[in-house]
Amino acid sequence: MITDNKITLLKPAGMPMSRESADLPSSAALSSVQRLPVAVVGAGLIGRAWAIVFARAGHPVRLHDADEGTMAASLAYIGERLGELDGFGLLDDPPAVVLARIRCEPDLAQAVRDVVMVQENIRETVDSKIAIFKQLDALAPPDAVLASSTSWLPASTFTEALPGRARCLVGHPTNPPYLVPLVELCPAPWTAAHAMARAHAIYEAAGQTPVALAHEINGFLLNRVQAVVLNECFTLFERGLASAADIDKVLKDGLALRWSFMGPFETIDLNAPAGVKDYASRYGKSNRETMSDVKTFSWAPEPIARVDRERRAHLAVEDIGARSAWRDRRLMALAAHKRQAPAA
Ligand SMILES: NC(=O)c1ccc[n+]([C@@H]2O[C@H](COP(=O)([O-])OP(=O)(O)OC[C@H]3O[C@@H](n4cnc5c(N)ncnc54)[C@H](O)[C@@H]3O)[C@@H](O)[C@H]2O)c1
């Protein structure tokens, strides 16, 4: 049972598995946590990707969507992605075994009946999140963690009135989470520390990289960093300093090569012989002066249209899907490389 300050979470080792999960073939190396069922609510772009994450890790997954056609389509999509992941050596079990762990469940009560965690992925409006969390809090076992994939909404905006609000939090993935492992955990003011710790452990056991915020802030961590980068890219373009293609190269053939395996703090720690303090004493003043003419980008239609014209000259709108599939295959190759040579 969970109260505002205390959460008594399940004891995985002693918990009986459902008949369905006990019957599933799975790797002997799975931990007891990985054998516990997880519900994924909302089977759109992000929900179906989460189903891959949890099933790949060994969890029996209950995949629920308000639209039955979406659920059926998501299974076909997941089957294709599992084949690709297997081709890149990114699955520990055969694709058919991973797929068999996912069950589409049109009845929400059945989907969340005996789960250790619910990962919610429905549309991004406060009213929708309030409505679904009210149902989830009433239907899920009292010790299940309720995590929302929301990109921008703090959990305090949709969980305040719930009796079980202490087990609610944001678990914000990066698209697609089966290839980009970062998950941002953000508590509401009333989220129990144990719920945060439990979610952290479940994501980590599933092969994700959880990071925890101390409290709510607009945009969490990733979208704040991304917003600052986008702000400066658009501003440089709007000022006529470089083409959109050249600004993209600054990241893809410059900063982001290092950033794909080390963060900005780690990067500057290596960019001066004696580390961060040395970097700051050499380049801190120049960095501060550079910031003095940084402006907030308007996101106005005119500069957006100019960037769009340049992008459309390189990629037609109807080719975006194919290019996204290409991106995901490149991410798979990168994930396979990082798997062989994990960061220390
Ligand atoms: N798209 C991204 O890149 C991205 C990245 C990180 C987080 N997110 C977050 O993930 C969430 C889902 O985004 P998405 O891109 O997958 O959206 P989506 O539109 O692709 O999928 C939403 C799904 O929710 C279903 N749905 C709506 N109401 C429902 C209900 N009451 N019960 C059950 N199912 C319901 C819809 O039928 C749809 O299939 C959002 O909160 C979004 O902010 C998205």
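Remember, it's 1-based here, ligands and their atoms both numbered in the order they're listed. Just so you know, residue 1 is the first one in the sequence shown, and it goes up from there.
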Practice item. Would you indicate which of E120, H172, R123 comes nearest to atom 28 (N) of ligand 1 when only heavy atoms are counted? Key: R123

Review point. Any chance CG of D293 has more than 12 other-residue heavy atoms, nucleotides or ligands included, within less than 6.0 Å?
Key: yes

Check your understanding: Less than 3.5 Å between some nitrogen or oxygen of H64 and one of ligand 1, yes or no?
Key -> no

Review point. Could an N or O of ligand 1 be found under 3.5 Å from any N or O of I46, whether backbone or side chain?
Key: yes

Check your understanding: Relative to each other, are the rings of F54 and H59 parallel, tilted or perpendicular (30° and 60° limits)?
Key -> perpendicular

Review point. Heavy-atom contacts under 4.0 Å between L45 and ligand 1: side chain, backbone, both, or neither?
Key: both

Check your understanding: Do any N/O atoms on A66 end up under 3.5 angstrom from N/O atoms on ligand 1?
Key -> yes

**Study point:** From V41, D65, T150 - option closest to atom 37 (O) of ligand 1 by heavy atom
**Key:** D65

Practice item. Give the residue and atom name of whichever protein heavy atom lies nearest to atom 9 (C) of ligand 1, and the separation in Å to one decimal. Key: S149 O, 3.4 Å

Check your understanding: So with a 6.0 Å cut-off around CZ of R327, is the heavy-atom count from everything else above 12?
Key -> yes

Check your understanding: For ligand 1, is Q135 a contact, meaning one of its heavy atoms is under 4.0 Å away?
Key -> no

**Study point:** Pick from S151, P177, G42: the one approaching atom 7 (C) of ligand 1 most closely through a non-hydrogen atom
**Key:** S151

Revision key, fill the gap. Which of R306, R312, R311 passes side-chain hydrogen bond (donor to acceptor under 3.5 Å, both in side chains) with D308? Answer is R312

Exercise for review: Supply the atom-to-atom distance I46 CD1 to T150 OG1, rounded to the nearest 0.5 angstrom.
Suggested key: 11.5 Å

